[in-house]
**Student:** 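Please see the structure below; I have some questions.
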Amino acid sequence: MATITVDGKEIQAKENALLIEELLANDINIPHFCYHPALGKDGNCRMCMVEIEGKKRPQIACDTPVKNGMVIRTKSENIERVKRSILELELINHPIDCPICDQAGECSLQNYYMDVGLYESRLQTPKTHAKKHVDIGANVVLDQERCVLCTRCVRFTKNITKTNELGVLNRSDHSVITTFPNHPLSNPYAMNVVDLCPVGALTSKDFRFNKRVWFLEPDNGICNGCARGCNIFVDHHQAKYEEDIIFRYRPRFNALVNGYFICDYGRLSYKKENESLSSKPLIRGKESEYEYSMMKILRLLKHHYGNTSFVISASLSLEQMYALKKMAYRYDANLYAYNENYDENFGDDFLKVNDKETNRKSIKLLGINESKEDLYEGIKKSELLVFIGRCDILLEEEKTVVCISPYPPSEREVDVYLPILSHTHVSGTYINCEGIVQFHTSKIKNSGDIKSLLELISFYTEINHSTCKEIWEEGLGELMGEITLGKLKLESIKLGFA
Amino acid sequence: MIDIIFLTLAFFALAGGYGMVTCKQPIHSALSLIVSILALAGLFALLSASFLFMVQIIVYAGAIITLLLFIIMFLNIKEENLPKEDDKTKLLIIGSIVLIPFNILIIKAFSTLPSKSLGIKEDGFGSIKDFGEVLFNNWLIPFELISILLLSALVGAVVYARKDKYNG
Amino acid sequence: MGIKVVPRHGKSFKEKIYLPAIFGGLKVTFKHFFTNLKDTSNIKTIQYPEVMPKDITPRYRGIHRLTKREDGSIRCVACFMCATACPADCIFIEATERLDGIDEKMPKRFDIDLLECVFCGGCVEACPCDAIRMDTGIFAFVQDERKKFVINKEQLLANEAMKEEEK
Amino acid sequence: MNLVLVSVVIFNIVVSLLFSLGAAPILVWMERRVAGFIQDRLGPNRCNIGGFRLGGLIQSFADMLKLVFKEDYRPKSVKEKLFFSFSPVIVFVCAYLTFMVIPFADDLIIGNQIFMMQGLPIDFGILWFLAFAGLSVYGIIVGGWASNNKYSLLGGLRAAAQVISYEAAMGLSLISILIVYGTIHLGEMVRIQGELLFGFIPAWGIVMQPVAAILFIITAFAETNRAPFDIAEGESELVGGFHTEYSAMRFGLFFVGEYVAMSASSALIITLFLGGYQIPWLNTEALKNNLFWVICCLMVLAPLMSVVFARWIDKNNAWPEENDKRNVEARWLKRALVVINIVLLSILGTLLLLGMSSDAVNITVALLQIVTFALKLLFVNFFFIWVRWTLPRFRYDHLQDLGWKILLPLAIANIFFTGIFVVVFGA
Amino acid sequence: MADSILAYIILASLLFSLGILGVIARKNIFIIYMSIELMLNAVNLIFVSMGRYYESMNAQVIAMLIIAVAAAEAAVFLSMIVVLYKQKKSLDSDVFNVLSQKEAL
């Protein structure tokens, strides 16, 4: 450990670590373009200038190792002047088309200009023009004029995905980022370059022009794409007179699970959630009232008391599964969770895993029957089948089938289909493939009459536990031992016993 | 015709009185009392006391009850500031039973009076002129005393309601 | 700098009884009444709608219009600054890709709900492209349906400036 | 002869209805147009039926019609529904009943029957007015309270305090004029006012009791909640005062009630101080004796006035658009004037030519007096309106100061001096 | 019926009884006051009807004097109520018993 003085304040820092890392860790704002914690230093943008006592000229913080007793100034007239000069350099050929730039609002260049720039342009000569709309593949659009050449994207393809699609072409103010001929950006993590890009040079084709970012409200979420359970920001917005809809997923840093990135598959899986909002309850394929369908299921449950099988998805949250266990007990039903949802071509050695069910570990934790034979045997015996959270109706026989799921069944018509809120709209705990327990809350409003699964269960069991907190207090907390909901709200915890 | 008017007025007088006694809110009571007072004014007119009929409306209905209503509204009485009267109904019933002998007594006492027509007199009985003559001939000293009483009441009211260091 | 003594009014008996002043006031109002009764032509009231006002200043904030580029295409780039600045949330924009090469982005839908608009001019101030203006001078808009008060992009583009800008 | 009785009673009731209730739309129209002219505006002048605007009078009828057919909305917060609905009725009925004892012509003698020319043939006179002026405040208080709204309640409270305090001054200012007249019967009072003072001044109340007249007029303004004493509504601070929560015809009743009260106050002012139905220098007797010359004068005056009016119409009743149907109105109005003149002149001419029985003379005199009364009523109502658009509203404490510290002592002093005068110089 | 004095007497006695009931059964000081007013009115009615019965104007004069007294009473009573209510925030007649307590004030 080393002690350094920053702007008169002493802070503790790791010896020989990068200075910028330590400063950022201590909430000291250092403007930077090229440095990224996942990609490391590059030192090309010269934005992170600090004054170090004993050094004649300002130094870049991203390429200076911490030494004990360093005295650093981040705010001084000189630094301001240097930063302003560097910004002026960056902006010489920048088109400044913020009105049509999707990055506006979360653009580093914009922010730094507002912080230290604010000068009148001295530019007399025309700007150098480059290509404004380059489709570099994989849902990413490149605007070469806006680029500040921090090479984060290049380093991402080089170091992280190791696909090397991007590179810098030409010299001086003609240098641009580009793909190599006939090698478009095409790796399963390609859209991370959109997040990495500090300016609006790389934008997502999917999100492009959909919404200005300052309208969006980020909500903590967990990706439901595979068993990895990557942490995401769910950016949603409720426009006037409209539904609260999700506009994009962004990776949320979690060192235990996904680091700084998510895969493109997970990133684009938000569309399904928006569609699920407009699901209507169906009774034998005909649209129906929500309350009526609810009561219909209640009647069916009562009628087939003791002859019911619940088939649940392994993607439900831990709380939902726990409550479903109670509900199965209440209606004397069998509870099965057999699921073969593996995709052999999906997984890789970075984030993606073959198992596409998010919460399979919870099934094991709660001891829910997972065997295939038992499931088919149970189905044969029972009269009423209730599929919860899934709609892969895997039987041929004529049975009364009820499906309670965010997404309507596509393969065959069921007797009753009741939509519920999808995982982005409800809070819940998930245990990922490595046994890491994660909890996420949801603040997305639901203006329709669709209820959450927990509310439904508390309606059917007549036990009032419609929130996660109540479930944890009721018994789940005991099962989880040391892991409490309060702790989970702050961090993800590696499960010790599962 | 006169009988119908009398019965109607008597009904309104009694109903107003009953409403006044039973209503929880003082404002309802006051409004009931107005009904009663106006009905009584009508009865005065029936008894050919036309000046008193006008005085009853002007002074009682126009001034006293208006003042009362004004004070009730001015105090802005809330539900919780009203006294709790749980045994109101009980007391009212007991009281009315107790008062039956009293009423019978009065009726017995007056029933001995010989019957006489009480129709409206046309010869100026109860008019302001007759009234003034009687008032200023026979009742001058009580009249002046009343005026002193009114004056002292006025002064007293002003002193009471004044904001000073003792009761501000 | 001498002290200027301002005469205090209201001390004399004539002023204290107020009646002369009241009658003075009555005289003034009656004079107006009588002259106007005799001859209504002196009254300045404009008989709108038969006679339209001619003195609307260029700074008057009338109904909005969307300005056009030199080639007649829409100037707006759907940056949402007006919608963001709008205190009444009455501007509804949907952006789309612009494919004619003039610019990259343009509004697919640009609706202003005139019933919600407070005519503050915030959108005009906020616009970075000078694409929205309120210089049409249209101050009266009457419709028989609420729906019709929501004017769309085409209507906004069709609105013209009240008079040529004097440059 | 019973037919005469019934027809005269019906005639009386209709006339007092016309003067009170029927005056309301005309007063509303007058209020608007006078306000407009005073403020150099035009006022309502567009509403028309087939081009006929009658100077905007149609607007009043349209507004009345609108109030009748509007949704009768009662806010949910109103708990006392009965009182809420009932209070406009109280205001309206009280204001209307006040008018019923005002005589609008001298006692009519037909054959050997004598009729009092007032809505209700009773002789309570001033006391009746005081009684119902006091009662009408209940409508305002109860309405303000039942609305369950702070503004309404405050408006009601203000009205109550105002009416109580000004009733005292009003009553006392009346005492002095009662001492002078020696009667409370309004008809008697008017008859006394038909005399001449010193042989050439009409013995009107305002001449005999100027202080009482001013006091009474001021307090009448306050009693009817008219400007400058209309702080019970006080829209600048109390939204709408006691009728904030009222709409449709309930509000309409308040609205009309206010104008009826104003009309009734004007009628009382006329009766007490402005000679009632008396034509100056021509009391009933004189009128009966000189009816021939009066009718001759009328026959000359009517066409003259019509010509003046027609010229006014030509000048001021045009419509800016040439082919608007509203331009037709002026022509038709002039034709109507001609017809009216011809009819009037022919009636008067036949009367003059054929000579008149005493009944006809009496009826003609009564009609003339009714017209006189109507003209005076119109003028005093105009005065009410004129004052409203001239004087600013009082502040509440100033109002109470004025009532208790100035008007009341003045009224008492006036009684005192009148008493001394009457005792010293005889009645 | 209106011709007989007894009808007026019965009405007056009933009204008077209502007044007494209000005084004894109610705690609300406003209603007690109004009950007193009602009793005064009942007495007035007896005066007026008896005056009519004996054709004497004196009874009416007494009735008017009673009304005057009632007006005086109203002024004093209401100003007292205002002061008391501001101090105690209650209309309960049982609250105004300061003089009956030893440790008054």
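Letters A, B, ... mirror the listed sequences (proteins, then strands); counts begin at 1. It should be emphasised that the depicted structure is a prediction, and the values quoted were computed from it without experimental measurement.
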**Student:** Select one option (side chain, backbone, both, neither) describing which atoms of Glu94(C) are under 4.5 Å from chain A's heavy atoms.
**Tutor:** neither
**Student:** Give a yes or no on whether the backbone of Asp89(C) and the side-chain of Lys240(A) come within a donor-acceptor separation of less than 3.5 Å.
**Tutor:** yes
**Student:** Give, for atom CZ of Arg208(A) and atom OG1 of Thr96(C), the distance between the pair rounded to the nearest 0.5 Å.
**Tutor:**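 Here the interatomic distance stands at 10.5 Å.
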**Student:** Flag yes if more than 12 heavy atoms outside Phe141(C) fall under 6.0 Å of its CZ atom; otherwise flag no.
**Tutor:**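 Yes, enclosed.
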**Student:** Within the 4.5 Å heavy-atom criterion, are Cys101(A) and Lys105(C) side-chain neighbours or not?
**Tutor:** no
**Student:** Take atom NZ of Lys31(C) as the centre, draw a 6.0 Å sphere, and report whether it contains more than 12 heavy atoms from other residues, nucleotides or ligands.
**Tutor:**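 At most 12 heavy atoms, drawn from other residues, nucleotides or ligands, come within 6.0 Å of this atom.
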**Student:** Hey, does His133(A) have a side-chain heavy atom less than 4.5 Å from the side chain of Glu97(C)?
**Tutor:**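 Touching, per the 4.5 Å side-chain cut-off.
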**Student:** When you compare the side chain of Trp214(A) with that of Thr84(C), does any pair of heavy atoms fall below 4.5 Å?
**Tutor:**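 The answer is yes, as the side chains (C-beta and beyond) meet within the 4.5 Å cut-off.
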**Student:** Do you know which two heavy atoms are closest between Pro99(A) and Cys79(C), and how far apart they sit?
**Tutor:** O-CB, 3.0 Å
**Student:** Taking atom NZ of Lys131(A) as the centre, does the number of heavy atoms from other residues, nucleotides or ligands within less than 6.0 Å exceed 12?
**Tutor:**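 Check fails, neighbour count at 12 or below.
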**Student:** With a 6.0 Å cut-off (strictly less than), is the heavy-atom count around CZ of Phe139(C), excluding the residue itself, greater than 12?
**Tutor:**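 Yes.
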**Student:** Would you indicate whether the side-chain heavy atoms of Asp143(A) and Glu104(C) approach each other to under 4.5 Å?
**Tutor:**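 The answer is yes; the side chains approach within 4.5 Å.
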